[in-house]
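Notes to accompany the following structure.
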Amino acid sequence: MEFTDEQGQLRPDIQAYAREVSVTRQVPLQHVEALLLQARFDPKVARLMTPSGKRIQRSWVTYRARYVEPVRIRQGVEFWQAWRPHIDKAAAHYGVPASILVSIIGVETLYGRYTGSFPVLDALATLGFATRIPTGLNAASYFVTNWLT
């Protein structure tokens, strides 16, 4: 899956996204396009985000045993105290309680200790422009609009 056409220009859907970002974020269009031209499709990201088709049995007991434990709680409190001004600013800006933001950061990154190994631009472009979400919609109309802007 390529993000450009045969002439090396961004695909029309990605060009439209670049224009939207340029206008809404007041970033020069050339900067947005130059960044998006650097993005590369990552098949592993696409594969990992594709539902397996198998129904996964989830339970609160399993989740709680893994994520709600004294070590994580202590790390969460330390993280929250260290980053309080930034967390409070994000909470106010996005309307999400600080406790929820801290919890998500803890689950997803162990409070910044694990940040993954995928190049962020490639992963987000792959998810946004080259995958389908469970509803069947192109992810660009959902993911990119809701996450990248």
Exercise. Should the pair D13-R11 be classified as a salt bridge under the 4.0 Å nitrogen-to-oxygen rule?
Worked result: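 Looking at R11 together with D13, the answer is yes, because their closest N to O distance falls below 4.0 Å.
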Identify the heavy atoms of [X] and [Y] that sit nearest to each other, and give their distance.
X   : Y    : value
S99 : S103 : O-OG, 2.7 Å
L10 : Q15  : O-NE2, 3.0 Å
E33 : A18  : CG-CB, 4.0 Å
G8  : L37  : O-CD2, 3.5 Å
A91 : P97  : CB-C, 4.3 Å
R66 : E69  : O-OE2, 3.9 Å

Find out whether [X] and [Y] are in side-chain contact, i.e. whether some heavy atom of one side chain is under 4.5 Å from a heavy atom of the other.
X    : Y    : value
F118 : L48  : yes
E20  : R25  : no
V71  : Q75  : yes
L121 : R40  : no
T4   : Q9   : no
W83  : V102 : no
Y63  : V107 : yes

From [X] atom [atom1] to [Y] atom [atom2], the distance as rounded to the nearest 0.5 Å:
X   : Y    : atom1 : atom2 : answer
E78 : I73  : CD    : CD1   : 12.5 Å
W80 : I105 : CH2   : CD1   : 10.5 Å
S22 : H31  : OG    : NE2   : 9.5 Å

For this session: Name the orientation class of the two ring planes belonging to Y111 and F79 (parallel below 30°, tilted from 30 to 60°, perpendicular beyond 60°).
Result: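 Tilted: the ring planes of Y111 and F79 meet at 30° to 60°.
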Exercise. Out of curiosity, does I100 fall in the hydrophobic cluster containing Y94 (side-chain heavy atoms, cut-off under 4.5 Å, transitive links)?
Worked result: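 Yes; I100 is reachable from Y94 via cluster members.
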Exercise. Is there a path from I14 to V27 through hydrophobic residues (I, L, V, M, F, W, Y) whose side chains come within less than 4.5 Å of each other?
Worked result: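 Cluster IDs for I14 and V27 match.
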Problem set entry | Side-chain (T126) to main-chain (V45) donor-acceptor, under 3.5 angstrom |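 Here the side-chain-to-backbone pair does not exist.
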Problem set entry | Y17-F129 aromatic ring centre distance below 6.0 Å |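 Under 6.0 Å, so yes.
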For this session: Please test I87 against R84 for side-chain contact (heavy atoms from CB on, under 4.5 Å), starting from the C-alpha separation and ending with a verdict.
Result: CA-CA 5 Å; I87 293 167; R84 181 177 296 277; 5.7 Å; no
Problem set entry | Intermediate values then yes/no, side-chain contact (heavy atoms from CB on, under 4.5 Å), T109 and R113 | CA-CA 6 Å; T109 72; R113 288 172 180 82; over 6 Å; no
